[in-house]
Amino acid sequence: MTTKIEKVITKALITHELNKEEIIMLLEAEGKDKELLFQEADKLRKNNFGDEVHLRGIIEFSNYCSRECFYCGLRCQNHVVNRNRMTIDEIYEAAKEARNQGYMTIVLQSGEDSWYKVDILAELINKMKDNLDLAITMSVGEHSKNFYKILREAGADRYLLKHETSDKELFEKLRPGTTLQGRLNRLKDLRELGYQIGGGFMVGLPGQSIETLADDILLTKELDVEMAGIGPFIPHPETPLRGYPVGSVSMVLKVIAITRLLLPLTHLPATTALANLSPEGRFKALSCGANVIMPDLTPMIYKTNYEIYPKSSELLNFDNSFASWEKELLQHGRRVSKDYGHTPKPGFFAKL
Ligand code: SF4
């Protein structure tokens, strides 16, 4: 006899569509049902992406931020954190070193830091594209459409801008001075400019319900992003959310698996935040739908300062060299991809 859960999973595998009630049913799955969800998401990942894992090396080049998000250790009211900005030459050299090791994608990430003028960033992107043969992802927050346009014209391929939570009130409470609609407008701008978009959200935010999580998955589907970063909320002691519990690893894995069923061609990272909670967390995510790892390539002298959440010493000292990841992934039955890892969505580039 086919169980209700089996029916829902079969429907998702055939149509890649589920309603909110069905998503909640999967979010509540435990035991054998949860294992079935993970297995089917893993099979779907294997059918669409094979065993290759894309490595996207992150350089966190500035931890200055003008915002005050309640969940983030980089918020401007945190006066305890050591602030640092990498010079343009330091960023370029870190990217060059990564490329020499084998990395094909670099993510340039910072807080919302107006110290780096858009023309300077555009020049850097241009130089990296001309000399380093890399795909470039930018992750520098909310800006004007013109700002995004200048970076795109300089050669940026992708932009990361998570919607964080689909609950309008919660969004506005946790990200003072910004709105969910504003975030969605930025995502629309990025779409119009031809970026491959990296969206995503957090699991376990204080005030988030299972209904919110289902809405987060549905919004990710609606946005049809090319990548979706889904990670646990981890409280930072220098934020108003200190003292709240961390997001559940098991729930993060279920959300990744459901997202895989609904977005079969979207890149899904096994997030660093997951690895921060559980050393095996990243590899568990790779076996329930994820196909991307984002190793932190920030020079060691700056790495400890980039604390959206407190990083474990294990994570800080992890060997993120390309060769080490090749070895590590092989032990888990996976291979490192040697290409740029652009979206495999048919027709994406034809539309540009
Ligand atoms: S989440 Fe982003 S925008 Fe908000 S405080 Fe942190 S770095 Fe700044």
Side-chain angles (χ1 to χ4, degrees), residues 56 58-86 91 107-116 118 121 137-144 147-148 151 158-187 189-190 197-208 216 225 227-242 244 246-247 252 269 271-274 276 294 296 298 302-311 315:
R56 324 262 206 227
I58 304 194
I59 300 169
E60 296 162 337
F61 65 91
S62 163
N63 67 349
Y64 280 84
C65 188
S66 55
R67 300 271 182 211
E68 47 182 307
C69 305
F70 276 32
Y71 50 80
C72 178
L74 302 190
R75 65 200 308 266
C76 55
Q77 283 91 341
N78 178 1
H79 302 296
V80 176
V81 68
N82 286 324
R83 303 279 175 179
N84 70 266
R85 293 185 173 109
M86 287 172 67
I91 303 169
V107 183
L108 298 183
Q109 182 159 287
S110 71
E112 291 195 13
D113 182 4
S114 57
W115 189 84
Y116 296 88
V118 68
L121 290 176
T137 303
M138 297 303 290
S139 175
V140 295
E142 288 193 39
H143 293 277
S144 68
F147 179 101
Y148 294 149
L151 299 189
R158 309 177 190 137
Y159 203 98
L160 303 188
L161 195 73
K162 295 181 183 182
H163 74 255
E164 307 292 10
T165 174
S166 57
D167 179 330
K168 184 179 168 299
E169 275 89 51
L170 189 61
F171 186 102
E172 286 164 24
K173 198 166 142 195
L174 298 184
R175 298 185 52 91
T178 68
T179 63
L180 179 61
Q181 191 52 54
R183 196 79 164 175
L184 297 177
N185 292 344
R186 299 292 87 73
L187 286 164
D189 291 343
L190 293 165
I197 295 172
F201 52 94
M202 268 177 280
V203 175
L205 275 172
Q208 181 185 62
D216 282 324
V225 288
M227 185 168 102
I230 297 159
F233 161 71
I234 304 176
H236 190 290
E238 297 300 328
T239 66
L241 300 185
R242 74 183 74 82
Y244 280 92
V246 295
V252 174
T271 57
T272 312
L274 204 48
N276 201 48
M294 302 177 78
D296 185 355
T298 310
Y302 302 127
K303 205 180 247 188
T304 47
N305 299 338
Y306 204 89
E307 269 210 345
I308 291 177
Y309 49 81
K311 291 176 182 169
L315 196 69

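Since the structure is predicted, the reported quantities are computational estimates derived from the model, not experimental observations. First listed ligand is number 1; within each ligand, the first listed atom is number 1.
Note on Cys72: counted as a metal contact of atom 6 (Fe) of ligand 1, an N/O/S atom lying under 2.8 Å.
In this structure, atom 2 (Fe) of ligand 1 is not in close contact with the protein, since no protein heavy atom lies within 4.0 Å of it.
Considering every non-hydrogen atom in both Tyr116 and Ser62, the closest pair reads CE1-CB, 3.5 Å. Closest non-hydrogen pair, Arg183 versus Lys162, comes out as NE-O, 2.8 Å.
For the residue pair Asn305/Asn84, the side-chain donor-acceptor check at 3.5 Å is satisfied.
Salt bridge present: Lys311 and Glu60 bring a charged side-chain N and a carboxylate O closer than 4.0 Å.
Remark: minimum distance from atom 4 (Fe) of ligand 1 to any protein heavy atom is reached at Cys69 SG, 2.3 Å.
Of all the atoms in ligand 1, the ones that sit under 4.0 Å from a non-hydrogen atom of Cys65 are 3 (S), 5 (S), 7 (S), 8 (Fe).
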